[in-house]
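Okay, structure first, notes after.
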Amino acid sequence: MKTIYLDNNATTKTDEEVLNTMMPYLLDNYGNPSSIYKIGRENKKAIEDSREKVAQILNCEPNEIYFTSGGSESDNTAIRGIAYSYKNKGNHIITSKIEHPAVLETCKQLEKEGFEVTYIGVNKNGIIDLEELEKSIKSTTILITIMFANNEIGTIEPIKEIGEIARKNNIIFHTDAVQAVGSVKIDVRKLNIDSLSLSAHKFYGPKGIGVLYVKRGIQFNKIINGGHQERNKRAGTENVAGIVGLAKAMDLAYRNLEANNEKVKELRNYYVKQIKEKIPYIKINGDMEKRLPGNSNISFRFIEGEGLLLNLDLKGICASSGSACTSGSLNPSHVLLAIGLPHEIAHGSLRISIGKYNTKEEIDYVIENLVEIVGRLREMSPLWEKFIEEENK
Ligand SMILES: *Cc1c(COP(=O)(O)O)cnc(C)c1O
């Protein structure tokens, strides 16, 4: 059976062109970039060329780019690093209720260490409440960390406005842009972003490599101690092949941005429209305008997301209910609760995230199977039975 991969917000397939640029750094040019011989020096150069490429795309300086092991490490480093570095100025951090666990768990940890964190809410579409943000600012606020785009419901947040609020109040602004990079144009200067996280595996690059951008002049304590790599800000022998792959994947993503986005968005809109027409009692989650092109998140009433996923898997279809990080636990997604969904509706949600390799045939296959599976699961659901009885009274 063929695998139909529709979980591109969880991770993506590595582009073959990306893999081909990485291979020489694994097989031939495997020297340690800190060494002085040729295959070491050449790797140093490959890293610096990649840093320049990434900086160009984000519109910042190469010395504002730090390579990390991925989005989670970048988030941890930015938030902890900045918090520790500025704790003499204040101990208050503002974030949102819909952040990725890499941000939320780091904030929770900092609370245990004496920092104060405000978690601001979102509207029913998942957009940050800017008024609440402004009101929550105190004289002790040192950091605002709010995601660029949400990984579960795909909403794109008003980053420019948040950046302006932060700038006006002289507060550092970090954004987890892991979902946005590769499908949204990002100019860190224009958007007033002081610090940003991104991760290669969300845009057809390899897993385990990411970037932390930190604007010059902003201090952050180093979190990984050891050697002097990354201008003494992140120890550890550089993942040269990963770094080269990240830069290549980012270059490809931005060179083909409009065409890829157009294609993916068209498939997503087609999927949502068909599901709306063919399946009753559903709820479309998130904002349909301010949204990542490939993301869809739909709640199917009276059934469980886990049951949906298992049945889709039997048909070779990979999707997600809530987020990959919370699946396996029985708690409904914190993002769906934050947009006001009751527990039982949040439980029946399905995230289909479309990528550049998906085809219309695949989407048709998913729609056909989803109609059948939802129908069958509802037939077996006591909630559905009760609902129909009520309807027929
Ligand atoms: C995937 C993701 C992360 C984590 O990135 P990793 O590279 O997997 O550590 C962080 N934030 C968001 C929004 C994500 O989607």
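All ligand and atom numbering here is 1-based and tracks the order in the structure. Only heavy atoms go into these numbers, but all of them, side chains included; no hydrogens, no water, no symmetry mates.
- Taking the centre and axis of the six-membered ring of Tyr365, the NZ or CZ atom of Lys315 falls outside the cone set by 45° and 6.0 Å.
- Heavy-atom contacts of Asn151 reach the following atoms of ligand 1: 13 (C), 15 (O) (cutoff under 4.0 Å).
- Side-chain contact, Asn285 with Ser299: a donor N or O sits under 3.5 Å from an acceptor N or O.
- The nearest heavy-atom contact from the protein to atom 4 (C) of ligand 1 is Ser72 OG, 3.6 Å.
- Of the protein's non-hydrogen atoms, His100 NE2, 3.4 Å is the one closest to atom 3 (C) of ligand 1.
- The Gly70 neighbourhood of ligand 1 comprises atoms 7 (O), with distances under 4.0 Å to a heavy atom of that residue.
- Listed by number with element, the atoms of ligand 1 under 4.0 Å from a non-hydrogen atom of Ser199 are 6 (P), 7 (O).
- A donor atom on one side chain and an acceptor atom on the other are not found under 3.5 Å apart for Asn150 and Gln179.
- Selection from Glu99, Glu152, Met147, Lys202 by nearest heavy atom to atom 15 (O) of ligand 1 gives Lys202.
- Counting only distance, with no hydrogens or angles, the side chain of Arg351 and the backbone of Asn151 share a donor-acceptor pair below 3.5 Å.
- Nearest protein neighbour of atom 11 (N) of ligand 1, counting heavy atoms only, is Asp176 OD2, 2.7 Å.
- For Tyr5 and Tyr357, the ring centers are positioned 6.0 Å apart or more.
- A cation-pi arrangement is absent between Arg378 and Tyr281, since the terminal nitrogen or guanidinium carbon is not both under 6.0 Å from the aromatic centre and inside a 45° cone about the axis.
- Taking a cut-off of under 4.0 Å to the non-hydrogen atoms of Gly71, the atoms of ligand 1 that pass are 5 (O), 6 (P), 7 (O), 9 (O).
- A cation-pi arrangement, defined by a distance under 6.0 Å to the six-membered ring centre and an angle within 45 degrees of its axis, is absent between Arg51 and Phe67.
- Of the protein's non-hydrogen atoms, His201 NE2, 2.9 Å is the one closest to atom 8 (O) of ligand 1.
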